[in-house]
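Comments concern the structure below.
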Amino acid sequence: MSTIRSVLFFISLLQCALKWPVVCDIRLIQGVNSNMEELKQIIYMFNEDSSKICFNVRTAQWTYATNMTDRNKKIMINEQTRKANYDKLSWRKVVKYDWQLMNDTNLKRQIKFIIISSRASLSDEKYNEIYYLISEMKDIYNKIRICPFDDGFDEKCTLQLEPDIKNIMMHSRNPDELLHVWNEWHNKVGPPMKNKFMRYVQLANQAARMTGFADAGEQMYSLYETENIEYELEDTWRTIQPLYKELFTYVRKKIISRYGPDVVRPDGPIPAHLFGNIWAQDWSNLKDLVLPYPFAEKLDITDKMVQSGFNALRIFQIAEEFYTSLGLKPMPPEFWRYSMLERPKKKTAQCTTSAWDFCNGIDFRIKQCTEINTESFVSAHHEMAHIQYYLHYVNQPYLFRDGANPGFHEGIANAIGLSIFNPSHFRRIGWYKNGTDNYETNINFLMIKALEKLSYAPFAYLVDKWRCQIFREGVENMNSAWWDLRLRYQGVIPPSPRTEQHLDAVAKRHIPADMPYMRYYVALLLEFQIFESLCSAAKHRGQLHSCDIYRSTSAGQILEDALQLGKSKHWKDVLKILTQGKTDRLSSHSILKYFEPLHAWLKIQNVKEPLIGWNSSLEDTYLYHPVVRSTASILSFKSILYTVGFSFLLINII
Ligand SMILES: *[C@@H]1O[C@H](CO)[C@@H](O)[C@H](O)[C@H]1NC(C)=O
Ligand SMILES: *[C@@H]1O[C@H](CO)[C@@H](O)[C@H](O)[C@H]1NC(C)=O
Ligand SMILES: *[C@@H]1O[C@H](CO)[C@@H](O)[C@H](O)[C@H]1NC(C)=O
Ligand SMILES: *[C@@H]1O[C@H](CO)[C@@H](O)[C@H](O)[C@H]1NC(C)=O
Ligand SMILES: *[C@@H]1O[C@H](CO)[C@@H](O)[C@H](O)[C@H]1NC(C)=O
Ligand SMILES: [Zn+2]
């Protein structure tokens, strides 16, 4: 027995060393108890209990989200605490076993997910400390109020992120006001969190190491079950970058013509306050500056819907019909009975749109304050895609009732979204007249999509790249590391000088809230990969962006085959099904194909530009690099790091 085990151990090590696509569980924490029958019972019980606990938590969360009273909040927090306690105790039970011995691969996979997604290796004291820190940081984040730009008389400093800051960034075209708001938000949110964040990093790393990981970043990425995931991701970014740079260059030209040459150099990076979004992550609000053909017809069905006397129910019925036309499932009766499809009149509700799985196999709901407009129409379809996913993996064990990897749920839902918000689909459901399919409306359409999706790619990519770098390399110079990445990937610089007193990364809520972010980048790639594959199943001809999979049962079949697996199989197997055997890798091929017509158009627009993309001057980096250091040597060291950067980091990961 023990010789067999050491041979197995050796083979696994070898596989890890050679980076074969296997999961190197071998380092994960395990105990000595070899009674596998007992462990099996524990996992069965865990499934049973967890489904019930999850139901209680969801019920309490729903009650609060649809009726925000203090009492309901207290009940919700209670249930959440009970769940956290249960999960922690289960983890500690499971790691007493030598679970690698488990010969049922399905159960072994479940055990692995219990182990890798927890910080229960910490002592109770530290475990409570880290979650208390996170809740304190979220509290700080939620309570930040900033002063208005024009504080003439006795204006109060009461502006919040939502909706005030968001609205100013969206609508204001006064660069001084934008700068003021950007500074206020970043200067207020970072400094009070810095010490807490540093302690959080320390504790998260401790938890990760005691679970068997090198650091908390490795633990975060372990959910992807792919040893070289960082390499796979960097590879996709490398190929998207040329297209991003064309978009960036065109947008910079328009920003210069709006704000003048003093604000941005013609070959330089763009200051972060000018994108219509506090994080410069979504440039949709620059539509008015950059829309190629302002007078071409807009893709909008709001008027049509209003004229036809639409209500929320009707919108969701149409969405349901989209899915049944693919051969997928209708919504169950509980969905129609319990969902919140409109803003309630007698109570205060959280209006963020979301899709809910109550973990009992019966109850699935959507919460949306539906308004009669195009956006609500599209998001009804989007949320219902999540419900389809829930309905399809309903028979999986609790731990497998989830997307194949953290990007899948959003990837699937957005792939469907591409088929909905689309001139062809609107035409097919009879709301859009025929004569509008011309070059100008297509380029406009692709530009709007690019401002939303393509502009987001580098940001989605760099957030967790930064976080992992901090987990791996420590909390020295966190802020300059953040801006190094933003300059390198987004071409964005801070609009005012930054120091290490600041911590601008926490301006994005997911950082203080301890929520992983790479999933959004993965979802972006998957969205287009899945869309292209479904379109080929639907025998679509012509440009990719005009594809509509409505009524294609072949596309529906592919979705059904993939969704029912949940997380029971490695996501690469699921991706292979979704791409009809073509690939099991994340790839930028489809997103590039989707934007091909726009890419060609942008190249023509940019011929006279001095530089496609940006080069940075010392002035740019002085904005945020600690001045005490000898800047020259640091800069050259940085640039060496950049060129060899990636392979260098990979060696460290193993
Ligand atoms: C909202 O919740 C409170 C309990 O906190 C309850 O008394 C009240 O009836 C609820 N309102 C509605 C409309 O359900
Ligand atoms: C956690 O659960 C255990 C066992 O159910 C219980 O004894 C303990 O009091 C709970 N702790 C908290 C903080 O709820
Ligand atoms: C798995 O292990 C159990 C004992 O724990 C044994 O009874 C069973 O035959 C094994 N199954 C396989 C497929 O090896
Ligand atoms: C609209 O265009 C489609 C092809 O794009 C064509 O099949 C259809 O007959 C046209 N309908 C009308 C009303 O012109
Ligand atoms: C940026 O590139 C342009 C050429 O496109 C060059 O003239 C300029 O000096 C460069 N600036 C920096 C800071 O390297
Ligand atoms: Zn979603």
Side-chain angles (χ1 to χ4, degrees), residues 56-80 281-282 284 315-316 319-320 322-323 328 331 335 337-358 364-370 374-393 401-421 449 452-453 456 460 509-510 513 515-531 534 559 562-563 566-567 571 578:
N56 293 340
V57 170
R58 287 285 177 274
T59 306
Q61 287 172 332
W62 177 272
T63 305
Y64 175 64
T66 57
N67 179 12
M68 297 173 68
T69 64
D70 285 344
R71 189 177 131 76
N72 290 345
K73 185 176 190 177
K74 212 179 247 168
I75 295 171
M76 174 182 79
I77 289 171
N78 240 333
E79 292 294 341
Q80 287 171 339
Q281 69 174 60
D282 178 330
S284 301
I315 290 178
F316 280 89
E320 180 185 44
F322 176 84
Y323 290 98
L328 298 178
M331 293 297 107
F335 173 88
R337 174 148 9 131
Y338 296 121
S339 284
M340 185 192 102
L341 304 181
E342 281 172 286
R343 182 190 294 274
K345 293 198 179 73
K346 291 189 185 143
K347 43 188 190 174
T348 351
Q350 263 169 0
C351 269
T352 40
T353 305
S354 47
W356 296 58
D357 178 353
F358 282 71
F364 304 93
R365 307 180 194 173
I366 286 176
K367 175 169 74 66
Q368 172 172 298
C369 298
T370 308
T374 313
E375 200 188 336
S376 276
F377 183 82
V378 175
S379 74
H381 287 77
H382 174 106
E383 298 307 325
M384 213 176 267
H386 291 310
I387 305 276
Q388 288 291 337
Y389 214 158
Y390 301 153
L391 289 170
H392 279 87
Y393 59 54
R401 278 183 249 144
D402 200 354
N405 78 24
F408 263 70
H409 249 291
E410 235 20 57
I412 298 271
N414 283 336
I416 302 285
L418 291 178
S419 179
I420 303 299
F421 184 69
K449 280 284 179 206
E452 177 196 344
K453 308 268 179 188
Y456 182 50
R509 188 172 190 279
H510 293 69
M515 292 156 77
Y517 209 77
M518 195 56 94
R519 59 186 57 191
Y520 300 108
Y521 183 69
V522 171
L524 185 68
L525 297 168
L526 286 172
E527 169 181 350
F528 289 91
Q529 284 186 269
I530 294 166
F531 182 61
L534 295 179
L559 283 170
L563 301 193
K567 205 164 74 170
W571 63 269
L578 282 168

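Both counts, for ligands and for their atoms, begin at 1 and track the order of listing. If you're wondering where the values come from, they're calculated on a predicted model, not measured in any experiment. Values reported hereafter were calculated over all heavy atoms of this structure, with side chains retained and with hydrogens, waters and symmetry mates removed.
The number of heavy atoms from other shown groups lying within 6.0 Å of CD (E452) is above 12.
Residue pairs meeting the salt bridge (charged side-chain N to carboxylate O under 4.0 Å, His left out) criterion with at least one partner in residues 376-391, sequence neighbours excluded, do not occur; the list is empty. Pairs of residues two or more places apart, or lying in two chains, that qualify as salt bridge (charged side-chain N to carboxylate O under 4.0 Å, His left out) and include a residue from residues 65-79 are E79-R82.
Residues N67 and T69 bring no donor and acceptor atom of their side chains to less than 3.5 Å of each other. Side-chain contact, Q368 with T370: a donor N or O sits under 3.5 Å from an acceptor N or O.
Ring-plane geometry between Y520 and H510 is classed as perpendicular, the angle between the planes exceeding 60 degrees on a 0 to 90 degree scale with a lower cut at 30. Ring-plane geometry between Y517 and Y456 is classed as perpendicular, the angle between the planes exceeding 60 degrees on a 0 to 90 degree scale with a lower cut at 30. Classification of the Y323-H381 ring pair by plane angle, with boundaries at 30° and 60°, yields tilted. Aromatic ring orientation, H386 versus H382: perpendicular (interplanar angle above 60°, classes split at 30° and 60°).
The count of protein N, O or S atoms under 2.8 Å from the Zn ion (ligand 6) stands at 4, with waters excluded from the count.
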Note every protein N or O atom lying under 3.5 Å from an N or O atom of ligand 1, pairing the names and giving the distance.
unit_1	atom_1	unit_2	atom_2	d
ligand 1	2 (O)	N67	ND2	2.3
ligand 1	2 (O)	N72	ND2	3.2
ligand 1	5 (O)	T69	OG1	2.7
ligand 1	5 (O)	N72	OD1	3.3
ligand 1	11 (N)	N67	ND2	3.0

